[in-house]
Amino acid sequence: GEYWEWLRTALKMLYQLMTDQATLYCFHSDRGIYRLKEEAEKCGFLWKQTLIYYGVNGYRGMVRGAAHATWSYCYEMICRFDKGTHGCPPAKKPPWFQAVLPCVRPQSNTRQGRNHPAQKPVNLMRCLVEFHDLGGGAVLDPMAGSGSTLVGCHRAGIPCLGIEQSSLYCEQIRQRLAHDGPELFQ
């Protein structure tokens, strides 16, 4: 439908923007991951690996039963695609060097630091961007959402450009980055 047409258009534009040997990480639901792989490959990307972000709940001391009665997502698929045959070479062996990446997920309200329904942990995004030797390049986050990738890149000292459609989320990203690195806005 409409979503897949939009995504296909976005993937085509990304492919044109990216340099050869660049890497693309796409987070997606498990139900759509196979279609995502198919659409990305139609645009020229080479599938390399599927990782699983395991969003460990940050709540402590909960008793099994009532706390677990409400089902919620705790896994999210991450597809790694490369442009070219080898993609961006590893800068170092990542600390997780495994397919399942456990990371405490942001809690479900803004008082506890969550600003977006699909917000990713900064440490997860930093880990993903630090894994690659960008050779002086930068990271592009075309769906910046809450800005976790931008904050992770800033903390890792990696140049990053974020694009976000929603003016509400753009303002939240600006506030988050101003808090994390006021020098970004001077």
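- Counting only heavy atoms from C-beta outward, the side chains of L14 and L24 approach each other to under 4.5 Å.
- Under the 3.5 Å distance criterion, the side-chain polar atoms of T19 are left unmatched by any main-chain donor or acceptor of A22.
- With hydrogens and angles ignored, the 3.5 Å screen pairs a side-chain donor or acceptor of K83 with a backbone N or O of Y15.
- E76 pairs by the salt bridge (charged side-chain N to carboxylate O under 4.0 Å, His left out) definition with K120, not counting sequence neighbours.
- Considering CE of M143 and OG of S166, their distance stands at 14.0 Å, rounded to 0.5 Å.
- Remark: side-chain polar atoms of E164 are not paired, donor with acceptor, to backbone N or O of C170 under 3.5 angstrom.
- Closest heavy-atom contact between G145 and I173: O-CD1, 3.2 Å.
- The shortest non-hydrogen separation linking C79 to T50 is SG-OG1, 3.9 Å.
- Proximity of V139 to P159: side-chain heavy atoms (C-beta onward) are nowhere separated by under 4.5 Å.
- The distance from the OG1 atom of T149 to the NE2 atom of H154 is 14.5 Å, given to the nearest 0.5 Å.
- Interatomic distance, CE of M13 versus CZ of R8, reported as 13.5 Å (0.5 Å rounding).
- The shortest non-hydrogen separation linking G152 to R126 is O-CG, 3.7 Å.
- Annotation: the span from L140 atom CG to C153 atom SG amounts to 10.0 Å, rounded to 0.5 Å.
- Using a 4.5 Å cut-off between side-chain heavy atoms of Ile, Leu, Val, Met, Phe, Trp and Tyr, with links allowed through other members, Y34 and W6 fall into the same hydrophobic cluster.
- Note: W4 and H28 have parallel aromatic rings, judged against thresholds of 30 and 60 degrees for the angle between ring planes.
- S148 and R176 are linked by a side-chain donor-acceptor pair at a separation below 3.5 angstrom, with hydrogens and angles left out of the test.
- Between F81 and F45, the two ring planes are tilted [angle within 30° to 60°].
- A salt bridge between E171 and R174 is present, with a side-chain N of the basic residue lying under 4.0 Å from a carboxylate O of the acidic one.
- L177 places a side-chain heavy atom less than 4.5 Å from the side chain of L150.
- Between the OH atom of Y53 and the CG atom of L128 there is a distance of 11.0 Å, given to the nearest 0.5 Å.
- Side-chain contact between L46 and E41: absent, with no pair of heavy atoms (C-beta onward) separated by less than 4.5 Å.
- Side-chain contact between F27 and M125 is present, with heavy atoms from C-beta onward closer than 4.5 Å.
- Between L11 and E39, the closest side-chain pair of non-hydrogen atoms falls below 4.5 Å.
- When hydrophobic clusters are built by joining Ile, Leu, Val, Met, Phe, Trp and Tyr residues whose side-chain heavy atoms come closer than 4.5 Å, directly or via intermediates, W47 is grouped together with L36.
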